[in-house]
2 protein chains.
Amino acid sequence: MQHEDLINYIEQYITLSDADKQIICDSYKVMHLDKKEFLFHQGDRCETEAFVLNGTLRVFYSDDKGNEHVLNFALPTWWVGDITSFYEGSPAFMSVQALEPSELLVIRPEQKEELFKKIPALERMFRIIIQKHLTSYQNRFLAAISKTADERYMNLLARIPNIEQLVPQHQIASYLGILPESLSRLKRKLIEAKK
Amino acid sequence: MQHEDLINYIEQYITLSDADKQIICDSYKVMHLDKKEFLFHQGDRCETEAFVLNGTLRVFYSDDKGNEHVLNFALPTWWVGDITSFYEGSPAFMSVQALEPSELLVIRPEQKEELFKKIPALERMFRIIIQKHLTSYQNRFLAAISKTADERYMNLLARIPNIEQLVPQHQIASYLGILPESLSRLKRKLIEAKK
DNA sequence: TAATTCCATTGACCTATGTTAAGACTTTGG
DNA sequence: CCAAAGTCTTAACATAGGTCAATGGAATTA
């Protein structure tokens, strides 16, 4: 069943009756994205919140000079969306694009409201998830101002060991907040240091 | 009345009956912090969420080398707390300390649960506030990796024009993610460039 | 399969910020 | 009211990472 991973995920947080599971399956629709296809674009309203079933996506922000900065990747069992845009209808702060063909489970704002009414315990789960995201960005910020690019690279590898197989190098550089040239140089230094 | 600023703040988001106002006044207790006194320490459980009535506080993280990094300041009508620690009971990620004598309205987790039961519309307000915090840290992160210290300094001044009168310079440097020496140099350059 | 675009690497050079150290001025606490 | 601690500035030097340019290989597309 398509929704199995989502059900398993939710059951880490709360207990679900069979009826609850049915409601969840009805609320989330399967969606496919081709490589390079966007879930939503920065500036548009984000009307979909998605749970990644498989594939890889990047969440990025384009600044005023047109430079793109990877805020995060999205891998299976992760959530993607722009919550402020999703709930409040404001323009999305970032874009989300598939880096390879990907399968998602998506929900729209009205349906999510419905879902919360039917399974209020989910509110708590999503609140915790938002808090984790907040903590994660606090950490990214702290790392950006207090660690070297080497350290941030090693941390990323520790957190997502197969990241090199999943996304191209220049996306990793962008995630780290450096240029591809710098990542290249950095990797060489690490290899030489190991010898 | 002590709670007036809080009531006004909340009324920006939702409509309150007189009974609601009374409940809010009963839920939030006035608290005074002397200069240098802590609201809570990194590593402890954060059992208070506070609304700042007056004064100035700093929210900071101490890294493994003992260096302190200012995550944010807290000024009148701002909220401070470590939500994850507050709700989930985990150790606080950061510390909060008064930079001058400050007055707060504080609430404890159990009381906040009670409050949500009595005035459910507050849940929505706090969800929006968390989302704003999340966006704010995404921005801090992006600025940290893509803007120069000059730009970040100018942004801070634009956002909080009187920040120089409120907090010592080395705290501003810490907020910007640079050393006091660098901020000093940077300010001189800006002054010279203006001539 | 050719043509084109994209991607990773390298090198030379540049700049913003860190590092260290010193001195003057201000605030705090006994 | 003095001593001590904290704060701001300046300067000389070091370094991480940016910038620019060139190359070769890989992946897309016609």
Side-chain angles (χ1 to χ4, degrees), chain A residues 34-37 56 58 60 63-70 97-101 140-157 163-193, chain B residues 33-37 56 58 60 63-70 73 97-101 140-157 163-193:
Chain A
D34 289 334
K35 184 170 180 171
K36 295 197 182 176
E37 204 176 343
T56 314
R58 67 175 179 133
F60 69 99
D63 67 24
D64 33 356
K65 294 165 208 131
N67 297 317
E68 296 179 351
H69 303 280
V70 171
Q97 184 188 30
L99 291 174
E100 54 175 328
R140 297 284 308 279
F141 169 69
L142 287 168
I145 63 168
S146 69
K147 311 254 183 181
T148 63
D150 310 55
E151 289 173 303
R152 302 201 299 274
Y153 176 61
M154 301 299 282
N155 286 346
L156 175 62
L157 287 184
I163 191 68
E164 307 263 29
Q165 285 79 59
L166 296 174
V167 309
Q169 201 127 310
H170 66 283
Q171 301 291 358
I172 295 180
S174 174
Y175 176 94
L176 297 173
I178 58 178
L179 295 173
E181 293 93 324
S182 297
L183 180 55
S184 214
R185 175 169 42 193
L186 184 164
K187 288 177 72 172
R188 184 163 34 123
K189 267 191 209 152
L190 288 176
I191 289 164
E192 276 169 13
Chain B
L33 286 185
D34 289 333
K35 184 170 178 170
K36 295 198 184 177
E37 205 177 340
T56 314
R58 68 177 180 131
F60 69 99
D63 69 23
D64 34 356
K65 295 166 207 130
N67 299 316
E68 296 179 352
H69 304 279
V70 170
F73 300 113
Q97 184 188 30
L99 291 174
E100 52 174 329
R140 299 283 307 278
F141 168 69
L142 288 168
I145 62 168
S146 69
K147 312 253 181 181
T148 63
D150 311 53
E151 292 173 300
R152 304 201 298 275
Y153 176 60
M154 302 300 281
N155 286 346
L156 174 61
L157 287 185
I163 191 69
E164 306 263 30
Q165 285 79 59
L166 296 174
V167 310
Q169 200 127 309
H170 67 282
Q171 301 290 357
I172 295 180
S174 174
Y175 176 93
L176 296 173
I178 58 178
L179 295 174
E181 294 90 329
S182 298
L183 179 54
S184 212
R185 173 167 42 195
L186 184 163
K187 287 179 71 171
R188 183 164 34 122
K189 268 190 211 156
L190 288 177
I191 289 166
E192 276 168 13

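Order of the sequence lines fixes the chain letters, A, B, ..., with proteins taken first and strands second; residue numbering starts at 1 for each chain. None of these values were measured; they are calculated from a predicted model.
Residues B/Gln97 and B/Phe60 meet the side-chain proximity criterion, which asks for heavy atoms closer than 4.5 Å. B/Leu157 is listed as a side-chain neighbour of B/Glu164, based on a closest heavy-atom distance under 4.5 Å.
Taking B/Asp64 as the reference, A/Lys147 meet the side-chain contact (heavy atoms from CB on, under 4.5 Å) condition, with sequence neighbours excluded. Not counting sequence neighbours, the partners of A/Glu68 by the salt bridge (Lys or Arg N to Asp or Glu O under 4.0 Å) test are A/Arg58. Applying the ring-ring contact (aromatic ring centres under 6.0 Å, His included) rule to A/Phe141 yields no partners; only residues at least two apart in sequence or on another chain are considered. Shown here are the side-chain contact (heavy atoms from CB on, under 4.5 Å) partners of B/Asn155, two or more places apart in sequence or in another chain: there are none. A search for ring-ring contact (aromatic ring centres under 6.0 Å, His included) contacts involving B/Phe73 returns B/Tyr175, not counting sequence neighbours. With sequence neighbours excluded, no residue satisfies side chain to side chain donor-acceptor pair (under 3.5 Å) with B/Glu37. A/Arg188 is linked by a side chain to side chain donor-acceptor pair (under 3.5 Å) to nothing, counting only residues two or more places apart in sequence or in another chain. The side chain to side chain donor-acceptor pair (under 3.5 Å) search around B/Lys187 returns B/Gln169, not counting sequence neighbours.
Contact between the side-chain N/O atoms of B/His170 and the OP1/OP2 oxygens of D/dG6 is not found at any separation under 4.0 Å.
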What N/O pairs connect the protein and nucleotides 10-16 of chain D at under 3.5 Å? Give each pair on its own line.
| residue | atom | partner | partner atom | Å |
| --- | --- | --- | --- | --- |
| D/dT10 | OP2 | B/Arg188 | NE | 3.2 |

For nucleotides 27-30 of chain D, print each protein N/O atom paired with a nucleotide N/O atom at under 3.5 Å, atom names and distance only.
| residue | atom | partner | partner atom | Å |
| --- | --- | --- | --- | --- |
| D/dT28 | OP1 | A/Lys35 | NZ | 3.1 |

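Contacts between chain A and DNA chain C, taken as any atom within less than 4.0 angstrom of a protein heavy atom, begin and end at C/dC7 to C/dG11.
Only one option out of A/Glu100, A/Gln171, A/Gln165 pairs with A/Thr56 in a side chain to side chain donor-acceptor pair (under 3.5 Å); it is A/Glu100.
Regarding B/Ile191, its CD1 atom lies at a distance of 13 Å from the C1' atom of D/dC8, rounded to whole Å. One can place CD of B/Gln97 at 14 Å from C1' of D/dG6, the figure rounded to the nearest angstrom.
Within 4.0 Å (heavy atoms only), A/Ile178 reaches sugar-phosphate atoms of the nucleic acid but no base atom.
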Determine, stepwise, if the pair A/Leu179 / A/Leu183 fulfils side-chain contact (heavy atoms from CB on, under 4.5 Å). CA-CA 6 Å; A/Leu179 295 173; A/Leu183 180 55; over 6 Å; no
Step by step, would you call B/Leu186 with B/Ile178 a side-chain contact (heavy atoms from CB on, under 4.5 Å)? CA-CA 10 Å; B/Leu186 184 163; B/Ile178 58 178; 4.0 Å; yes
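Comparing the start and finish of the helix from C/dT1-D/dA30 to C/dG30-D/dC1, five pairs each, the helix axis swings through 60°, to the nearest 10 degrees.
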